[in-house]
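Scroll down for the structure; my scribbles are underneath it.
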Amino acid sequence: MIKFDLTNLRGDLTGGLTAGIVALPLALALGVASGLGPMAGLYGAIAVGFFAALFGGTPAQISGPTGPMVVVLAGLFASLSGDASLIFTAVILAGVFQIIFGVLGVGQYIRLVPYPVISGFMSGIGAIIIILQIGRLLGHEPPGGTIGALTYIPTALADIDFVTLALGLGTLVIAYKWPPSLGKFVPGALAALIIGTLVSLALTVPVLGNIPTGLPSIHLPVFDQSKALLILEAAFILAILGAIDSLLTSLVADNMTRTRHDSNKELIGQGIGNTFAGLIGGIAGAGATMRTVVNIRSGGKNNISGMVHALVLLAIVLGLSPLAAKIPHAVLAGILVKVGLDIIDWGYLKRAHKGPRWDFALMVTVLGLTVFVDLITAVGVGVVFAALAYVRQIAQLQIEELKKIPESLNDPKENALLESLKEKVSIFSFGGPLSFGAAADLGHHVRERVKPGSMFMILDFTRVPLMDVSAAMAVETVASDAIAAGRQLIICGANATVDNVLESINSHHPGIITFDNLHDALVYAQKQVKPEANGDAGFKAVAQL
């Protein structure tokens, strides 16, 4: 059951109203950038904004069209030759995918994407938005796609419309330089939109033109078998990017409000919002960081603020569409350039040279793939590279730990036992999770460092919380080498999880015995070397793996 918190009603109404005003120019601009028109941007902002707030898991979050979603939609628009019904079908499917993600609990995993990957694709998206607007700022309508827009720039530079350029750059300057004192009453982006539009009334520049007013019509899903794969792929990309974008914004909201969002509930809310957006002819959306920050700073704390933001936009759609028809393309292009510049991760770029080179290289790789290939490839490659790098780092730590064959032990009793055995025992102590990253080199390093005259090889797993099959197979290789060399292999300190993995892989080696701890293993070795040694070994019954 949905609950409404009315304890901050005044702040939520103020925050929602302010966020709605801020969202207006962005929704119009992003709708145009998607290829589906300004009203599609507004309908998307209304549907996603209302239903994501109603059903989502981040109370203060404001949702609506965002740069990453628009980049995908613009590419889909070009691929489908502007077939709006198929594009809206992709938006509906994206919403369904997000609902499924939420039900399956995928939210907790999406947040595990490494920061350099996030920084790279967000900066890449910002670059794409700017590239797509350069031609429009110069007074031209570039072909679809990032590459097409880039290759068209020389043509546009050869025939610049300086009036359009001045209007677009003027809008950009106003959006950036609008005084903060006035921003409390009229946000910079909205001021730029109004001033730019008023100035354009005295000029001859391309404008949005006729915009339909009133309530939207219903767009039911349309299935075209020849385009099914393309639509499914676009829907999945929209769902993933929207999920990442929303959950990152949720983290920002958490930091500002000192609360904790529900990732999976948020995905369900976003999914419901995008499903409705597609049904009423709106573009896909996600949690919008800037609008969320504006809402919180204006007093919004609960989901009522997000719903109010959507209702403000609905009121504008019902009454002010004729005025929006006079907005010039150059003004929206200027606003979009600011959106692109804001998305680029300048904070990390300024400090990247001070951090690890690999992380910066990963960020640049993801950025390049985002701009010149596609977003899903960029994120996929980035996550795989980051995961492999992390596994390699952990593997190196594991191998370095393994190389340290102890000459003495911390425990006095264990140390005395080790001294009595001299060169007859080699101890290898593993530290941390033992995974496939270290498996390839494990056997090699053990063979290199085992004492030539040792009768016993002890593998100490006391500090190993878990182990995968690759590492267990490497242990099997070590066992085979030890038995072939006439050594007794002893495993000690393995917990139940590690012991189960070892047992399942190495059960055919009857020569391996296990002990609960290193002390018992050393006592056993001493008794074998010196049968006359007194005292109970204190070890458990020999267990074959």
Side-chain angles (χ1 to χ4, degrees), residues 25-26 28-38 40-41 65-84 86-87 120-173 175 192 196 200 203-209 230 233-234 237 241 283 327-344 364 366-378:
L26 299 177
L28 291 170
L30 292 170
V32 172
S34 72
L36 292 167
T66 63
M69 312 296 272
V70 166
V71 168
V72 176
L73 287 170
L76 186 62
F77 184 88
S79 301
L80 295 176
S81 303
D83 191 332
L86 292 177
I87 298 172
F121 88 77
M122 292 302 289
S123 296
I125 288 166
I128 290 173
I129 291 174
I130 294 169
I131 290 168
L132 293 176
Q133 301 310 312
I134 291 176
R136 294 189 178 97
L137 283 175
L138 297 174
H140 297 265
E141 186 60 33
T146 309
I147 304 300
L150 273 174
T151 55
Y152 188 77
I153 289 176
T155 304
L157 287 172
D159 183 23
I160 300 174
D161 185 332
F162 288 100
V163 174
T164 301
L165 178 61
L167 184 61
L169 292 179
T171 301
L172 179 61
V173 170
S200 72
L203 307 172
T204 303
V205 292
V207 297
L208 294 180
L230 179 63
E233 181 184 9
I237 294 173
L241 286 180
I283 63 176
I327 298 174
H329 287 285
V331 170
L332 292 181
I335 292 172
L336 282 170
V337 168
K338 182 180 184 301
V339 172
L341 290 170
D342 288 342
I343 290 176
I344 294 174
V364 172
V366 174
L367 192 158
L369 289 173
T370 300
V371 174
F372 297 108
V373 185
D374 63 66
L375 299 175
I376 201 70
T377 299

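Residues: numbered from 1 along the sequence shown.
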Spacing of [atom1] belonging to [X] relative to [atom2] belonging to [Y], to within rounding of 0.5 Å:
X    : Y    : atom1 : atom2 : value
L369 : T377 : CG    : OG1   : 7.0 Å
I153 : I131 : CD1   : CD1   : 6.5 Å
L167 : L203 : CG    : CG    : 6.5 Å

Which pair of non-hydrogen atoms, one from [X] and one from [Y], has the smallest distance, and what is that distance?
X    : Y    : result
L137 : A333 : CD2-CB, 3.9 Å
P142 : A149 : CB-CA, 4.3 Å
V371 : G124 : CG2-O, 3.7 Å
T370 : A378 : OG1-CB, 3.2 Å
V72  : A234 : CG1-O, 4.2 Å
I129 : G67  : CD1-CA, 3.6 Å

Tell me, do [X] and [Y] make a side-chain contact under 4.5 Å, heavy atoms counted?
X    : Y    : result
L336 : L30  : yes
L76  : L230 : yes
I283 : M69  : no
I130 : I344 : yes

Ignoring hydrogens and angles, tell me if any N or O in the side chain of H140 forms a donor-acceptor pair with the backbone of D159 under 3.5 Å.
yes
Check: T151 side chain, G148 main-chain N or O, donor-acceptor pair, under 3.5 Å:
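Pair found, side chain donor or acceptor close to backbone of G148.
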If you look only at pairs with a residue in residues 328-339, which of them pass as a salt bridge (Lys or Arg N to Asp or Glu O under 4.0 Å), with sequence neighbours excluded?
K338-D342
In a check of side chain to side chain contact (heavy atoms under 4.5 Å, CB included) between L73 and each of P68, P65, S34, which one passes?
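Looking at P68, P65, S34, the match for L73 under the side chain to side chain contact (heavy atoms under 4.5 Å, CB included) is S34.
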L138: which of T164, L157, D161 passes side chain to side chain contact (heavy atoms under 4.5 Å, CB included):
L157
Please evaluate residues F372 and L150 with respect to the criterion side-chain contact (heavy atoms from CB on, under 4.5 Å), reporting the C-alpha separation (whole Å), side-chain torsions for both, the decisive distance (0.1 Å), and the verdict.
CA-CA 10 Å; F372 297 108; L150 273 174; 3.8 Å; yes
